[in-house]
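Structure first, then comments.
Numbers for residues simply follow the sequence, beginning at 1.
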Amino acid sequence: IIETILCDQRETSVTLSQSVDYPNADGTPATPVPTQTTACYGVDLTSLQPSYSNVVYEWWTGSTSARTAQITSTTSPSVTNYTATGTVYLWAKNVSSGVYSSAGTAVTVNALPPTPSVSTTTPGNVCPAITVNLTSIITNASGYTVYYKTTNSSSGPDVPDPTKAVAGVYYIFFKNSSNCYNNTGV
């Protein structure tokens, strides 16, 4: 868009940028751009939507060229807690005309890793040591990155050295190759 402005009796052209959500001349919104194209099981899909005016965003099954079944807050799985794996599609819809974008954008929802299993033997120290090796109690870590945390949150603080943990409560999480963590630690 070019607008002509008159400043001090001189004519100046200024180029204004057009917002990506602004409908095309035919009323079709631009293809939406989600904040990320991969997510983990249980994601709130609405958190992946861009925030633009003039459009509403909808999540659908189907393909980038066809909408099959809409995912809403009342469907199972829900748009705010999507508990399925596979591909879903973000579509933009013109608020005024109800016209959809010419294409949807694919977002892949990945599975979570399993909950870590620990041996039934409580790790112990051998005197005079006052630490234990937390890594010795994991039984099913193959294929996952293991995280040892001081809180029951995968984003919580790490145990500084899990091979030399002092007395306390610790939580173990797995992360898979899709960068997804299991829901709760053990």
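Taking CG from N182 and CZ from F174, the interatomic distance works out to 7.5 Å, rounded to the nearest 0.5 Å. Considering OG1 of T75 and OH of Y82, their distance stands at 8.0 Å, rounded to 0.5 Å. Expressed to the nearest 0.5 Å, how far CZ of R67 lies from OG1 of T61 amounts to 11.0 Å. If you take OG on S101 and OH on Y57, they are separated by 9.0 Å, rounding to the nearest 0.5 Å. Here D161 contributes atom CG and L134 contributes atom CG; the two are 9.0 Å apart, rounded to the nearest 0.5 Å. Rounding to the nearest 0.5 Å places CZ of F173 at 6.0 Å from OG of S153.
Side-chain contact between T108 and T37 is absent, with no heavy-atom pair separated by less than 4.5 Å. Within the 4.5 Å cutoff, the side chain of T151 has heavy atoms near those of the P157 side chain. No side-chain heavy atom of N176 sits under 4.5 Å from any side-chain heavy atom of C40. Contact of the Y41 side chain with the N110 side chain is not registered, since no non-hydrogen atoms from C-beta on lie closer than 4.5 Å. Looking at T87 and V107, their side chains never come closer than 4.5 Å, going by heavy atoms from C-beta outward. The closest side-chain heavy-atom distance from Y52 to V33 is not below 4.5 Å.
Ring orientation note: the planes of Y100 and W91 are nearly perpendicular, at an angle over 60° on the 30°/60° scale.
Taking every heavy atom of both residues into account, I71 and V88 meet most closely at CD1-CG1, 3.6 Å. Considering all non-hydrogen atoms of both residues, T28 and S102 come closest at CG2-N, 3.5 Å. Closest approach of C180 to A111, counting heavy atoms only: CB-O, 3.7 Å. Here the shortest heavy-atom pairing between A92 and P32 reads N-CG, 3.7 Å. Contact detail for I172 and V146: the closest heavy-atom pair is CG2-CG1, 3.7 Å. Of all non-hydrogen atoms in L90 and P34, the two that sit nearest each other are CD2-CB, 3.9 Å.
Both V159 and V166 are part of a single hydrophobic cluster, where members link through side-chain heavy atoms under 4.5 Å apart. No chain of hydrophobic side-chain contacts below 4.5 Å, direct or via other Ile, Leu, Val, Met, Phe, Trp or Tyr residues, connects L48 to L112. Grouping the Ile, Leu, Val, Met, Phe, Trp and Tyr side chains by contacts below 4.5 angstrom, directly or via other members, places Y144 with Y170. Cluster annotation: Y147 and I137 are assigned to distinct hydrophobic clusters (Ile/Leu/Val/Met/Phe/Trp/Tyr, side-chain heavy-atom contacts under 4.5 Å, transitive). The cluster map of Ile, Leu, Val, Met, Phe, Trp and Tyr, joined by side-chain heavy atoms under 4.5 Å apart, puts Y89 and V109 in different clusters.
No side-chain N or O of N81 forms a donor-acceptor pair with one of T83 less than 3.5 Å apart. Defined by atom type and a distance below 3.5 Å, a donor-acceptor pair is present between the side-chain atoms of T74 and T72.
Using modelled atom types, one side-chain atom of K149 and one backbone atom of S154 make a donor-acceptor pair closer than 3.5 Å. Without hydrogens or angle criteria, N140 side chain to S117 main chain gives a donor-acceptor distance under 3.5 Å.
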Side chain to side chain contact (heavy atoms under 4.5 Å, CB included) assessment of I138 paired with V118: CA-CA 5 Å; I138 301 293; V118 296; 4.1 Å; yes
